[in-house]
Amino acid sequence: MTSRLVAGWWARRGTHLPLAAAIALVTAATVLADGGGRPALLAPLVLLAAGVLPGAGLALGAARRQEAALLRLHGRRGVGWVTALVAEPLLSAVLGGLAGTAVPLALGAGSASAGLTAAVWLAATVTVVTAMVVAVRGPLTDLLRPGAAERARNAGTLAALVPVVVAVAAVVALLRRSSTAPDVWAFTAPAVVGLAAGLLTTAAVRLLARRLAQRPGLGPSLAGHRLALPRASAGLPVLVGSAVLLGCAVNTALAVDDWARDTAVVTSPTPLVVTYDGSAEALVEATREADPEGRWLMAAIRVFEDDRPVSRRVYLDTERYEQVVGDDLDGTVAARGSALVGDLGTEAAATEPEPTSSGRRLTARLTLGGPRPRALRLDVLTVSPSGVGRQTVFARPEPGRATTVSADLVRCETGCRVTGLEVAIGFPCGADRWAQPRCQRPPLTFSELDLGGLDLLARPWTLDEPDDRPPGEVTAAPERLRVRPSSAGTSYLVTDRSPWSVPVLATDTVVWPDGPEAPTTAGMARPARVLATADALPVVGAAGSVLDLATSSVMGTGTVARAELLVLAHGGTPADVLARVGTPRPGSELSREVVRAADDGVADRFALLAAGGALLGLLAIVLPAARTRRERTHERAVLRLVGVRRADQRAADRHGLVVVALASGLATVAATLLVVVSLSDALPVLAAGPGQLPLDTGPRPLAILLAGAVATALAGVTTWWTDRVPERASLPARLREEVTT
């Protein structure tokens with residue numbers, strides 16, 4: 001029994017090997033997709049396999065019709081008859097399943113779910129066995145007929161509905177080109193559109209076949225009659241669908257490759273980078289000493305406090321940017337942002353620095369109104385490289401008498417900038433007592449208000465009450481400031497710092513909750529004005545801001561904890577210049593983590609789709625090719641018997657090859673272009689990350705032409721092989737042998 005099984009399998013190996021390869025491919029795709037954590041990748045390959053496996057089962061059944069008839073003549077019926085027939089396809093299925101599981105695991109693929117792998121293998125096996133059993137059913141007289149005389153079966157209602165269902169699915173796929181669609185749908189949509197294009201290709205081939213059949217020449221007419229047969233275009237829908245999937249995968253892979261290259265260039269605008277240990281001032285000084293002319297080295301500080309765009313900023317030595325970086329970012333999404341860096345440096349150099357305190361004391365001369373003494377508190381809110389500060393004085397002045405109070409400044413060692421005032425008189429009142437007369441506050445007049453040499457009366461002041469409390473009153477006069485605090489007891493005043501706002505470049509994604517800010521390298525808050533916005537900027541990518549380093553570092557201060565001090569070096573920097581600042585490393589290392597986090601195995605993912613699609617397309621046309629070749633051998637013998645010239649036969653071969661190959665190639669190119677334009681942006685390609693550059697999935701001519709070339713080549717080679725019948729095999733004497741057998 002075993003030897004008979006192996007002998008039968010080997011005798012029909014031309015059908016069994018493609019069948020085993022198809023099952024192995026689907027099983028391997030399951031292992032790779034599930035082991036990689038992306039089972040959605042399996043969907044388009046299963047869809048294409050659904051167009052290959054039933055054909056494989058039908059082809060196997062056609063080859064075993066007479067064997068099935070003999071089993072029935074020997075009394076096999078029902079389950080026993082089916083059991084005797086399924087041994088061969090089960091052997092192919094087992095071999096394919098073992099190969100499809102072992103090869104990926106041997107190549108280092110992650111372990112996949114045994115249940116999912118078994119389910120996919122079982123579904124593929126059942127599909128093949130069912131198709132084979134359907135092919136060998138029928139009256140015993142039909143089973144005993146030679147394969148060449150096999151009667152044509154009507155497609156039936158279900159088969160007639162298949163093109164309609166696929167076409168509707170393709171339209172829906174094009175309409176649902178949303179990035180929020182499930183991964184399964186996004187990956188399957190290109191294959192569905194490709195199958196629809198393949199069905200149109202089949203219809204086009206048959207239409208051309210009718211026109212060729214009406215031509216007066218024998219060669220075109222013979223080609224037309226050949227192409228009109230259903231088997232002449234069998235497998236073309238799956239071939240075109242697989243080629244479209246291949247083209248979409250290659251197009252996306254090329255887009256990711258371009259994205260990774262742009263990310264490396266934008267993240268590090270120079271080929272070399274040196275990590276520096278020291279302060280911002282020391283960093284700038286080191287680059288100046290090592291490269292006085294500013295041809296090779298540029299200082300930069302990268303601060304990525306968290307993933308929010310507003311927290312990502314970079315300080316660049318804009319004075320050297322043009323010489324060191326120049327046009328290296330041209331052609332990337334950050335080209336415009338890079339060109340704006342020079343303008344940033346010019347604007348920053350022309351900006352008036354904000355005045356800072358130089359003394360060590362706060363002095364205030366004030367006069368209290370009202371009928372009786374009241375306790376009061378004055379806070380001057382400041383910001384310095386040491387952080388946010390509050391300079392406070394307390395007093396209990398007599399009404400109508402000028403009183404001078406003072407206090408030492410705190411956290412102002414390197415100078416303070418003033419951000420606001422807080423004036424409080426008496427005990428605070430709650431919201432339920434604001435209207436009571438005793439909560440009304442007397443006015444307080446300042447005739448002098450000096451913070452370490454800064455005359456605060458020379459500045460404009462406005463109320464900035466933080467809640468719904470009744471507002472206080474502020475009246476400003478030359479060298480005088482009159483404040484009546486809110487009935488809540490305290491009023492808040494702010495001053496306009498916009499004359500000293502610092503220019504900043506920002507990406508479109510940056511949103512400042514309380515207005516633009518330009519922190520120094522030490523983290524001190526400063527007002528900012530947005531000079532320009534861009535899709536992407538050097539170093540920060542698509543999320544963050546760029547500031548001028550020279551005007552953002554304060555002498556004698558350090559840098560924030562998350563600051564990365566870098567020396568960006570031109571690719572041609574002499575070794576002795578680099579040695580003065582440290583050990584260089586490739587600039588691409590700055591983007592390695594960004595690319596790795598966003599990539600998430602995208603190369604393997606789309607390689608699986610491309611390879612799987614191409615192999616399934618090959619199997620789709622190889623399986624019917626063997627039967628077509630047998631029919632072509634019989635036809636060739638008949639043509640030789642009736643005296644048709646060999647030149648006319650070759651002309652028919654050429655016409656058939658050109659029609660099938662060109663139709664497949666052109667349909668694939670058109671469908672691939674449609675899919676790339678409409679659906680590529682919906683594919684779940686990159687994992688979202690901070691500062692990630694946008695992925696341009698626009699059409700790549702190489703990918704589209706590759707898809708068309710693969711479809712053309714596979715269709716052309718298969719058609720050529722089916723027509724290339726050896727002279728010995730097509731001798732007219734073979735016809736007599738077929739009749740006698």
Taken to the nearest 0.5 Å, the spacing of Thr672 OG1 from Leu674 CG works out to 9.5 Å
On a heavy-atom basis, the closest approach of Thr270 and Ala569 is CB-O, 3.0 Å
Interatomic distance, CH2@Trp512 vs OG@Ser545, rounded to 0.5 Å, equals 5.5 Å
query: Have Thr275 and Glu564 got a donor and an acceptor in their side chains that come within less than 3.5 Å?
result: no
*asked:* Is it the case that the side chain of Ser678 and the backbone of Val675 share a donor-acceptor pair, with hydrogens and angles ignored and the cut-off at 3.5 Å?
replied: no
- Query: Just by distance, with hydrogens left out, do Tyr315 and Thr520 show a side-chain donor and acceptor under 3.5 Å apart?
  - Reply: no
On a heavy-atom basis, the closest approach of Ser268 and Leu590 is CB-CD1, 3.6 Å
### Side-chain heavy-atom pair Val410, Gln391 within 4.5 angstrom cut-off
yes
Q.
When you compare the side chain of Pro269 with that of Asp328, does any pair of heavy atoms fall below 4.5 Å?
A. no
(Q) Run Leu493 and Thr462 through side-chain contact (heavy atoms from CB on, under 4.5 Å) and show every step you take. (A) CA-CA 5 Å; Leu493 289 75; Thr462 57; over 6 Å; no
- Item | Non-hydrogen side-chain atoms of Asp535 and Thr507 separated by less than 4.5 Å | no
Distance col, row Thr495:OG1 vs Asp464:CG, nearest 0.5 angstrom, shows 11.5 Å
side-chain contact (heavy atoms from CB on, under 4.5 Å) between Leu549 and Val284: does it pass, once the steps are laid out? CA-CA 9 Å; Leu549 176 57; Val284 174; 3.5 Å; yes
- Check: Asp379/Thr392 side-chain N/O donor and acceptor closer than 3.5 Å: yes
Scanning both residues in full, the closest heavy-atom pair of Gly587 with Val273 reads CA-CG1, 3.9 Å
In terms of heavy-atom contacts, Ala264 and Ser588 come closest through CB-CB, 4.4 Å
The reported gap from CG in Leu329 to CZ in Arg336 (rounded to nearest 0.5 angstrom) is 14.0 Å
- Criterion side chain to side chain donor-acceptor pair (under 3.5 Å) on Tyr321 and Ser338, from CA distance to verdict: CA-CA 9 Å; Tyr321 187 85; Ser338 178; 2.7 Å; yes
Side-chain (Thr490) to main-chain (Ser486) donor-acceptor, under 3.5 angstrom:
no
Exercise. For Glu347, does the CD atom sit with more than 12 other heavy atoms under 6.0 Å from it, leaving out its own atoms?
Worked result: yes
Note: Ser553 and Glu281 closest approach over all heavy atoms is CB-OE2, 3.9 Å
When you measure from the side chain of Ser498 to the backbone N and O of Ser501, does any donor-acceptor pair fall under 3.5 Å? no
(message) Check this for me, if you would: do Arg580 and Asp291 make a salt bridge, where the nitrogen-to-carboxylate-oxygen distance has to be below 4.0 angstrom?
(response) no
Heavy-atom distance under 4.5 Å between the side chains of Pro527 and Val502, does that happen here? no
Under the 3.5 angstrom rule, does the side chain of Arg700 hit a backbone N or O of Ala253 as a donor-acceptor pair? no
- Starting from the C-alpha separation in whole Å, work towards a yes-or-no answer on salt bridge (Lys or Arg N to Asp or Glu O under 4.0 Å) for Arg312 and Asp307. CA-CA 7 Å; Arg312 293 166 51 88; Asp307 292 347; 5.7 Å; no
_I'd like to know if the side chain of Arg411 reaches the main chain of Ser386, judged simply by a donor and an acceptor atom lying under 3.5 Å from each other, with no hydrogens or angles considered._
yes
Are Val325 and Pro538 close enough that some pair of their side-chain heavy atoms sits under 4.5 Å apart?
no
Between the side chain of Arg526 and the main-chain N/O of Met524, is any donor-acceptor distance below 3.5 Å? no
### Message
When you measure from the side chain of Trp500 to the backbone of Ala528, do you find a donor-acceptor pair of N or O atoms at a distance under 3.5 Å?
### Response
no
- prompt: Does the side chain of Leu421 reach to within under 4.5 Å of the side chain of Val380, using non-hydrogen atoms?
  reply: yes
Check your understanding: Does atom CZ of Arg529 have more than 12 heavy-atom neighbours from other groups under 6.0 Å away?
Key -> yes
Quiz item: Do Glu448 and Thr363 have a side chain donor and acceptor closer than 3.5 Å?
Solution: no
Which of Glu465, Arg441, Glu422 passes side chain to side chain donor-acceptor pair (under 3.5 Å) with Ser491? It is Glu465
Are Thr551 and Asp548 linked by a side-chain donor-acceptor pair shorter than 3.5 Å?
yes
Got more than 12 heavy atoms from elsewhere within 6.0 Å of CD, Glu479?
-> no
- Under a 4.5 Å cut-off applied to non-hydrogen side-chain atoms, are Val423 and Leu444 in contact? yes
Passes side-chain contact (heavy atoms from CB on, under 4.5 Å), Val546 versus Val539? Steps please. CA-CA 9 Å; Val546 174; Val539 184; over 6 Å; no
When rounded to the nearest 0.5 Å, the distance separating CZ of Phe446 from CG of Leu481 is 6.5 Å
> Taking the side chain as C-beta and beyond, is there a heavy-atom pair between Val504 and Leu531 under 4.5 Å?
Replying inline: no
So, Arg313 and Glu517, do they make that salt bridge, N to O below 4.0 Å? no
Here the pair of heavy atoms bringing Ser384 nearest to Gly415 is CB-O, 3.3 Å
Item to check | CA sep, side-chain torsions, deciding dist, call: Val256, Leu695, side-chain contact (heavy atoms from CB on, under 4.5 Å) | outcome: CA-CA 7 Å; Val256 172; Leu695 178 66; 4.3 Å; yes
**Prompt:** Can a salt bridge be assigned to the pair Glu354 and Arg417 using a cut-off of 4.0 Å between side-chain N and carboxylate O?
**Reply:** yes
Quiz item: Going by an N to O cut-off under 4.0 Å, is there a salt bridge joining Asp317 and Arg288?
Solution: yes
*asked:* Using a 6.0 Å cut-off, check whether atom CG of Asp277 has over 12 heavy atoms from anything other than its own residue.
replied: no
Give a yes or no on whether the backbone of Leu381 and the side-chain of Thr419 come within a donor-acceptor separation of less than 3.5 Å.
-> yes
Interatomic distance, OG1@Thr445 vs CG@Leu368, rounded to 0.5 Å, equals 9.0 Å
Q. Is there a donor-acceptor pair closer than 3.5 Å between any side-chain N or O of Trp461 and the backbone N or O of Ala476?
A. no
* To do: Examine distances only and state if a side-chain atom of Ser357 and a backbone atom of Cys416 form a donor-acceptor pair shorter than 3.5 Å.
  => yes
